[in-house]
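One structure is given here, and the rest of the page talks about it.
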Amino acid sequence: MVRVAADLQLDRTTYESLYRTMVLIRKFEEMVQDLFERGHVHGTTHLYSGQEAVAVGVASVLGPQDRVAATYRGHGHALALGVPPQQLLDEMLGRKTGICGGRAGSMNVIDLEHRLIGCFGIVGGSIAAATGAGLALKGTGNVAVAYFGDGTTNHGYFFECLNFAKVLELPVVYVCENNLYGEFTPWEDVTAGRIEARPEAFELPVQRADGNDLFAVRDAAARALDHARSGNGPAFLEVMTYRYVGHSRSDPGKYRKPGELDAWRKRDPLLIGRQALRERYDASDEDVDRIVESARVELVAAREAGLAAPFPEPGPVDEFKPA
Amino acid sequence: MVRVAADLQLDRTTYESLYRTMVLIRKFEEMVQDLFERGHVHGTTHLYSGQEAVAVGVASVLGPQDRVAATYRGHGHALALGVPPQQLLDEMLGRKTGICGGRAGSMNVIDLEHRLIGCFGIVGGSIAAATGAGLALKGTGNVAVAYFGDGTTNHGYFFECLNFAKVLELPVVYVCENNLYGEFTPWEDVTAGRIEARPEAFELPVQRADGNDLFAVRDAAARALDHARSGNGPAFLEVMTYRYVGHSRSDPGKYRKPGELDAWRKRDPLLIGRQALRERYDASDEDVDRIVESARVELVAAREAGLAAPFPEPGPVDEFKPA
Amino acid sequence: MLMSTTTVEIEFRTAIRDALAEELERDSRVIFFGEDVAKAGGVFAVTKGLYERFPDRVFDTPISELAITGAAFGAAVCGKRPVIEIMFGDFLGLSLDSLVNQAAKYWYFTQGQTSAPLVVRSAVGAGGRFGAIHSQMPISWFFGVPGLKIVCPATPADAKGLLKAAIRDDNPVLFFEHKKLYSLKGPVHDEVIPLGQAAIVRPGRDLTMVTAMKGVHDCLAAAERLAERGIEAEIVDLRTLKPLDRVTILASLRKTNRLMVVEEGPRTGGWAGEVMAIFVEEGLDDLDDAWRLCTPDHPIPYSPALEDAFLPGADAIVRSVLDRPSFAHTA
Amino acid sequence: MLMSTTTVEIEFRTAIRDALAEELERDSRVIFFGEDVAKAGGVFAVTKGLYERFPDRVFDTPISELAITGAAFGAAVCGKRPVIEIMFGDFLGLSLDSLVNQAAKYWYFTQGQTSAPLVVRSAVGAGGRFGAIHSQMPISWFFGVPGLKIVCPATPADAKGLLKAAIRDDNPVLFFEHKKLYSLKGPVHDEVIPLGQAAIVRPGRDLTMVTAMKGVHDCLAAAERLAERGIEAEIVDLRTLKPLDRVTILASLRKTNRLMVVEEGPRTGGWAGEVMAIFVEEGLDDLDDAWRLCTPDHPIPYSPALEDAFLPGADAIVRSVLDRPSFAHTA
Ligand SMILES: Cc1ncc(C[n+]2csc(CCOP(=O)(O)OP(=O)(O)O)c2C)c(N)n1
Ligand SMILES: Cc1ncc(C[n+]2csc(CCOP(=O)(O)OP(=O)(O)O)c2C)c(N)n1
Ligand SMILES: [Mg+2]
Ligand SMILES: [Mg+2]
């Protein structure tokens, strides 16, 4: 694969905005959890807290015509792609002003304007959708990205689609976010062999990266995208990361190994991001705090507006798109 | 894996009976094709001609309580397991005396008495069934065998089940009969990477063997079975072979490379088998011809009886098994 | 156990857990597996504690619905009595091939020599704000498949008694658990409740309501309100959708001459249509009125404002009855 | 082309091939893929020559129904108009998840912003001695799914005109081709036939036969024989099962007051039940008799002796009509 030194190209303004997006995602998820507990967000949610560097790192090297398929754990991916927090929140609040009018909810967000062809509630659905997007994009210089977790690498969709994409040389980048667990089950308990051995068996180029370090993710993603964009077929990226909160609302949480959460918190992507701002870009603590505060303020306003937004009116819905 | 010198254990009588089974399969398939052309066998059939050494070689090292799941190309597997040719033929003729009373037909043969839990018309179905059989057999010292083709290694069932069996350490031997084509498509055209790389990614022990040489198949199968039988989990066997006739009745047959069929015919499993009889067991040409003739005679009788057998009577059928 | 009936009320989810535990205890051929069902006890906390009691026969699997269902089939035809959990009914599309093409046909192919005795447990139904892909009723995907039984309990007692029957049944059985019922409490018995028998859960003379699962409770609530207006609805809880208890339905219809089918599921192609077809075929002479109340023919909305309006609750049932010409005078 | 109508008769399979070729020609967004469809031209020789004409847009795939269907969805929402072939309808269980959970819901989720315009072609139906796993009618698996159209042509002209409409339709469409019709010859036109419109293929006053696909031909043959006894059957060829043309069905029923639904598929849970339910809901006053003729509720047998008896052919249709009390005098 071509080596792209993506990190070198990041000027301070750009990096600040990436850092801000990571902060925005974290705070967005905290807000969603709070709103859930207060009964304003319903059903279930799968939060992205802890994995922010992945979505933001990958999105930072996407082109304007690329396409992304994410999962039920998709708030982070959506925000990183530029989906407005207000519309995303309103969707979760079930409001008419939501990005899907309140019809879809947390697990099924779609925002084509922002390159998000969907969040997929079925494990493996994102992989299939991105593979199909790759079929549509082949020869255009654009790439499709699939996000999915470690647990999903045991699913039929994963294998069939990787083979399919390789045989047809589709421009797809498969991003496996290995957060160590599929729901409540450690990935090693249900996965034979190493995850990377699987794409390797299909002869996809494979990279592993530190998923908590935006620069590492960005660098690996840039290379993978470049590979796919240049007509060389699909590429695979496994990023190691960790989710801080339960899998979903009903998570008993018994499965974490002692000390594991703390150890990962020490490598928090926001902490690493803040350090980078200070060390690489000479930002002061106040500079960073100002960014954090701006994200907070944006979300406070979004929360207020969201809670005041109207609910959709029930009414007849066409089953089919008319001609 | 433990090395079992299976070939050394074959006395002449045993080997003669294995050779006879190979001949029986070939002649059975020729008879089925002829009966098809005459309108006595219906629908479609997938013949095993050319692949006989695989079914017979594997069956020769199975235990009495092992279980086998085969495919729509299953006549050979059935006969090798001891399914009576008469009952198998009668099934194809749609007779009441068929092994499934004429209900199932060529693609769906089941004969539990002879260890055949089924022939599966769905690609990958045999893999799933054998995996489940392995679940039932775990800890008993018995093993389940799945037969399937090269094309099936691109199917979701294949991947999910191999991982499943490895994670649960199930006693299953997966036998991939690579006959170079899935229907009319060369396997390399639709398969990314090497087939063996896939089970390797799941850390299954993998062997490749010459599928036209009964001794080679038997040897590899014995080792794989031994591995599974001893509680070490699943094993994988890829055997290289070739089918002489079309995939099924409607095969246009344009896909074979020039000279390919002839080259494989020179390595016909029956030819190799005859040679072995002569060279390893000192059999004369007349000895071999006598075996061939005995298989022929058996089938002539089966054909006659089958064509004279009654058709099943239509009548009400219970949808469910009663309590 | 000493008591064969207990007045202690237990949750629907506990009833299911007890049924599983008792069957695992009774029959060593029973095995139970699925995603996160063992160590974690299931995402709806239905199967907590089973792994601890039966560590060899209760286990977690990879996220591999094809393999899980296929393995259940293979194990069933080799002598086990597998129970699997497919976490949400919405994922059963991935199980369909194996259930329909293998499990449901084994009994036929083998001419009754053998069959594939397996149970698929799955959480179904809307009302929990889980959105369109975690709230569906997958019944219509399977309802037209010969050889599959479909069980749909409405109460803890039925959940327990029917699940035990399902596990003992020699056929493949789909066992659907409505998410909104998991916390419902009720008395349970030790009885095994035969599959294929509906129950009259409320007698009445004016109208037969045929329903199942959560619909039973909605119909009961609606019936109370209709009774205030002098309309006495008889409620048939189907309990098992396949086989469908035609006898009980038709007996009720002969009494009331009016049929309302309340199904949580899209109107087109649901089992409500089948009940109406049976009515026509077998009860035409007694037919005064027949209609169904289902969900609209579009995906299930997430927003509470939309989902509540989408589902046929007690209000909608009352309204629907009072809208019929024959009951208009009471409205 | 100069001629807009031709009296040359072509095979059903050729009509499908022509429709594909013309749509590939007309719209560069159309792509077509599946197992053995390109270089080999399909196992039923339907798609011969397309690869040679459109080598970039017609291609063979691995045996991977999950990937094929999922990729069709992904390509559709990114601007392509994919047509896929799932060789036998029996394999559609493996496509169900993607069709139901993704393709069918996109239009709803996006509030009409966009949709998933894809077509799934598949060979279905019995009578070819292919046995229980290569002869099924998968219609009931999908019939209850909002957002999926289902097309079921009976003639070459309809096969061509409806397939063109399906490819131009913005919704996901299942296009079912009955194996026993592939060699049927008939005239074709250049017309695009709108989805959702049934056709009266034979007028009659005594009885409405509602059917589709091969059933149309069986009903036509039966109707000729019934006419000899003075019974004039009107035959409604549904052509599209979803959306179902209620208007045409009900108009016919208002005339005949009698409904017979002939469906190749298990009696329980088929679309025949839905047609009867519609009749009840909308035509109750006109109802003299209604029944359905389907296949028994068990797997499809292989043996010709069993399969012939299993299927509802012309003989069975005639017998079934003459068995009704209202026609008994003519028997
Ligand atoms: C086909 C299917 N099976 C099961 C589920 C239930 N489920 C939702 S998320 C999940 C775990 C996925 O784990 P992983 O791929 O590691 O992603 P993560 O949630 O950790 O990001 C499961 C089993 C599902 N949504 N779809
Ligand atoms: C799920 C499924 N997809 C497609 C088919 C149609 N089909 C039958 S055999 C076959 C080719 C299988 O090739 P391979 O696995 O190499 O086995 P072989 O026939 O060569 O023995 C295909 C595509 C099927 N039966 N099931
Ligand atoms: Mg994970
Ligand atoms: Mg092959």
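Any value given below was found using the heavy atoms of this structure, including those in side chains, with hydrogens, waters and symmetry copies removed. Proteins come first, then strands; the chains are lettered A, B, ... in the order of their sequence lines, and each starts at number 1.
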pair [X]-[Y]: side-chain heavy atoms closer than 4.5 Å:
X      : Y     : answer
B:E183 : D:M87 : yes
B:D189 : D:D60 : no
B:F184 : D:V43 : yes

Checklist entry - How many angstroms lie between CD in B:E91 and OG in D:S303, if you round to the nearest 0.5 Å? => result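 Nearest 0.5 Å value for the CD-OG distance: 8.5 Å.
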Pick from [options]: which one has the most heavy-atom pairs with chain D under 4.5 Å?
options                        : result
B:G101, B:G315, B:P312, B:G156 : B:P312
B:C100, B:G94, B:G125          : B:G94
B:R95, B:E313, B:M92           : B:M92
B:H155, B:K96, B:H247          : B:H155

Checklist entry - In terms of heavy-atom proximity below 4.5 Å to chain B, should D:P304 be classed as side chain, backbone, both, or neither? => result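 Side chain of D:P304 only, per the 4.5 Å heavy-atom cut-off to chain B.
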Checklist entry - Given that the side chain runs from C-beta out, which part of D:L94 has a heavy atom under 4.5 Å from chain B: side chain, backbone, both or neither? => result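 The side chain, not the backbone.
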Under 4.5 Å, counting heavy-atom pairs only, tell me which of [options] racks up the most with chain B.
options                       : result
D:E65, D:K39, D:H134          : D:H134
D:F130, D:F91, D:F44          : D:F130
D:G127, D:A305, D:A309, D:G41 : D:A305

Next on the checklist: Tell me if a side-chain donor or acceptor on B:N154 pairs with a main-chain N or O of D:S64 at a distance below 3.5 Å.
Outcome noted: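 Pair absent, no side-chain N/O of B:N154 close to backbone of D:S64.
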Item to check | Which portion of B:Y157 sits near chain D, non-hydrogen atoms under 4.5 angstrom | outcome: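 Interface part for B:Y157: side chain.
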Next on the checklist: Using the side-chain contact (heavy atoms from CB on, under 4.5 Å) definition, which of the options D:T61, D:I63, D:D36 pairs with B:T185?
Outcome noted: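 In the set D:T61, D:I63, D:D36, the residue that makes a side-chain contact (heavy atoms from CB on, under 4.5 Å) with B:T185 is D:D36.
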Checklist entry - Just wondering, more than 12 heavy atoms not from B:E304 lying within 6.0 Å of its CD? => result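 Open: at most 12 neighbouring heavy atoms sit under 6.0 Å from CD of B:E304.
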Next on the checklist: For B:E30, I'd like to know if atom CD has over 12 heavy atoms of other residues, nucleotides or ligands within 6.0 Å.
Outcome noted: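 Enclosed.
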Next on the checklist: Can you give me the closest heavy-atom contact between B:I122 and D:D90, atom names plus distance?
Outcome noted: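 Heavy-atom minimum between the residues: CD1-O, 4.3 Å.
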